[in-house]
Amino acid sequence: MAIPNEFINEVKARNDITDVIGGYVNLKRNGRTSKGLCPFHSEKTPSFTVFGDTSSFYCFGCQAGGDVIGFIRRIENLDYVEAVKFLANRAGMQMVEENKNDGLSKMRLKIREQNREAGRFFYRALYSPEGGQALDYFHSRGLSDETIRHFGLGWSPDSWDALTRHLANLGYRQEEILAADLGYKSRNGGVIDRFRNRVMFPIIDLQGSVIGFGGRNFTEDARGGKYVNTSDTLIYKKTNNLFAMNFAKNSKSNELILCEGYMDVIALHQAGFTNAVAALGTAVTPQQAQLMAKYTDKVVLSQDGDEAGQKSISRSIPIMKDAGLSVRVLEIRGAKDPDEFIKKYGPERFKNLLDGCANDIEYSIMRIKNKYNIATDDGRLHYLQEVCGFLSGLSPLEREVYAVRVADGLKIEKSVVLSQAETQARRKKYEEKRREFRDMAQSTAGIGDKVNPERSRNLKGAIAEDALLCLLFSHQDMIAQAAAAIKPGEFVTDFSRRVYGQFVKLAQDGQEVTVSLLAQQFSESETAEIVRIINSGETKGTAEFGRLIDVIKEESSRTKPQDAAHLSPEELLEQMKKLKQKKS
């Protein structure tokens, strides 16, 4: 559907980009911008920047960028119209009349309906005569029928087309079943069931709708891997959701317990710990951490005691802390996971375990210490080096407190630990600045630039084009003056030429040049590059205007004949004249 530009502008005006993104990313003010860890790729040092002045965002690490609508599209896995609707609802605005035949909206509705029907189908199958073995499995794991009903657990029949036939009989077409990832195409072109002979765990969103499934093998001779999970669809993105969050959000507890798997969560809920959730088979993501932060500021990490579980904890801690969450780590002794622990020792012992678990800093120091034999000089030295590296990443106050504990454990002076930690902190800060400078330099130089591949071959002209576009975006009253002084065809790179052309066209149509309007004419990656350009530096107004145009024209005059296919006949004639004059 076409949404009037006036409505889009109003939606953006009522949704401050820093406030909106701050709901997903822990932002820290840095002068006129805000920075945080990018929610779209894994990183340890913040390279994600929000520019309040231009109402845009850009990541110097993965080159994601856009306006507030573009951010919501990416983070919530929505199309353009859905993202505008999301923001309109957030601002309490009435969405403009929607086209009832909108294809994506209809498909989303069909996927939701099919997931609801599939959940009912799997639950009925579990209690059918054929589902007896699956039901016995759940009972053998200690689950009551009440718990099974509460979580909507089920069983997918050992058939190639039991569910797909059922959905087809309800009137759903093959492409709709494929879009819901409840089936996939067979070699002969038909659609067969995604899940076969597995116990089923519905994934339910915060509104109570089934949006996907996890299917687990439960017999020794079962085919396939241990788990088969719904892939990302129009309504489901595993990195954005948490298993059982629909229940845990209503828990009376003031913290959440993040577990490794479905059965741990279900066992904890049955035992009365209704604040347990799981991360859907993925490492914790920034989006999941931000989702938890909407309901609590405290999280207990509970992973399996094996090496993989411990590594998962180490990866999760910085993501949780960046979301503003206070983190404690549950160390389970005498059992491999919470499910087994509760079966062995009961809920009371588990509560005692929860009450006594260490915070994330204590856990990390303990993990480092356990790697070395500190009874030996060599072990003490290596432990000291590594633990000081860890302390260097803490705040000065935290560093002071935990340096005392490390020093006491090694029976050395606190000043030794603090001195080493502070030296490493300075080194890290220096390396961080070097990395930021390198990333910015590479971006400016266009190294590996797929959006504007001509950039690295015409760097001087491309930099001048960036500066001019940045200036014109900030001083849009000068676009008419620029249009009289330089034509799009005189730009050095094709990408900047197209962007400048849009600037001129919008200005001539009496419209303000905004990222939203430009995003309608350019691809997602091109829009991100435009955001980088318009935030590329301080503009100097008319003082730089003439010089930048002169540089662009001079660099453009170097254009070789084989590079001039983009010029109009008149512009090509003008270029040839200039080249002739230069030679004479």
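Computed from heavy atoms alone, side chains included, the values below leave out hydrogens, waters and symmetry copies.
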(message) Could you go through V300 and L354, starting from their C-alpha distance and side-chain angles, then the distance that decides it, and tell me whether this counts as side chain to side chain contact (heavy atoms under 4.5 Å, CB included)?
(response) CA-CA 8 Å; V300 174; L354 271 178; 3.9 Å; yes
(request) Could you go through the ring-ring contact (aromatic ring centres under 6.0 Å, His included) check for F121 and Y123 one step at a time? (result) CA-CA 6 Å; F121 176 84; Y123 180 79; over 10 Å; no
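Note that R32 lies outside the cation-pi zone of F51, set by a 6.0 Å cut-off to the ring centre and a 45° limit from the axis.
Residues E526 and L518 fail the side-chain proximity criterion, which asks for heavy atoms closer than 4.5 Å.
Taking the six-membered ring for Trp, Y227 and Y262 have ring centres closer than 6.0 Å. A distance below 6.0 Å separates the ring centres of F273 and F350. In this structure, F247 has its ring center closer than 6.0 angstrom to the ring center of F151.
For the residue pair S253 and N275, a side-chain donor N or O sits within less than 3.5 Å of a side-chain acceptor on the partner. Side chains of Q511 and N5: a donor on one and an acceptor on the other come within 3.5 Å. Side-chain contact, E113 with Y172: a donor N or O sits under 3.5 Å from an acceptor N or O.
Here C38 contributes atom SG and F57 contributes atom CZ; the two are 8.0 Å apart, rounded to the nearest 0.5 Å. In this structure, CG in N254 is found 4.5 Å from NZ in K298, a value given to the nearest 0.5 Å. To the nearest 0.5 angstrom, R14 atom CZ is 12.5 Å from N9 atom CG.
Listed here is the closest heavy atom pair of V199 and F138: CB-CZ, 3.5 Å.
Look at R141 and D339 and you find a salt bridge, because one of the NZ, NE, NH1 or NH2 atoms lies within 4.0 Å of a carboxylate O, short of that distance. Note on R120 versus E117: salt bridge recorded, some NZ/NE/NH1/NH2 to OD/OE distance being below 4.0 Å. Between R112 and D205 there is a salt bridge, with a side-chain nitrogen of the basic residue lying less than 4.0 Å from a carboxylate oxygen of the acidic one. Taking the charged nitrogens against the carboxylate oxygens, R73 and E524 have no contact shorter than 4.0 Å, which rules out a salt bridge.
The aromatic rings of Y137 and F218 lie tilted to each other, with the angle between the two planes from 30° to 60°. Note: F60 and Y58 have perpendicular aromatic rings, judged against thresholds of 30 and 60 degrees for the angle between ring planes.
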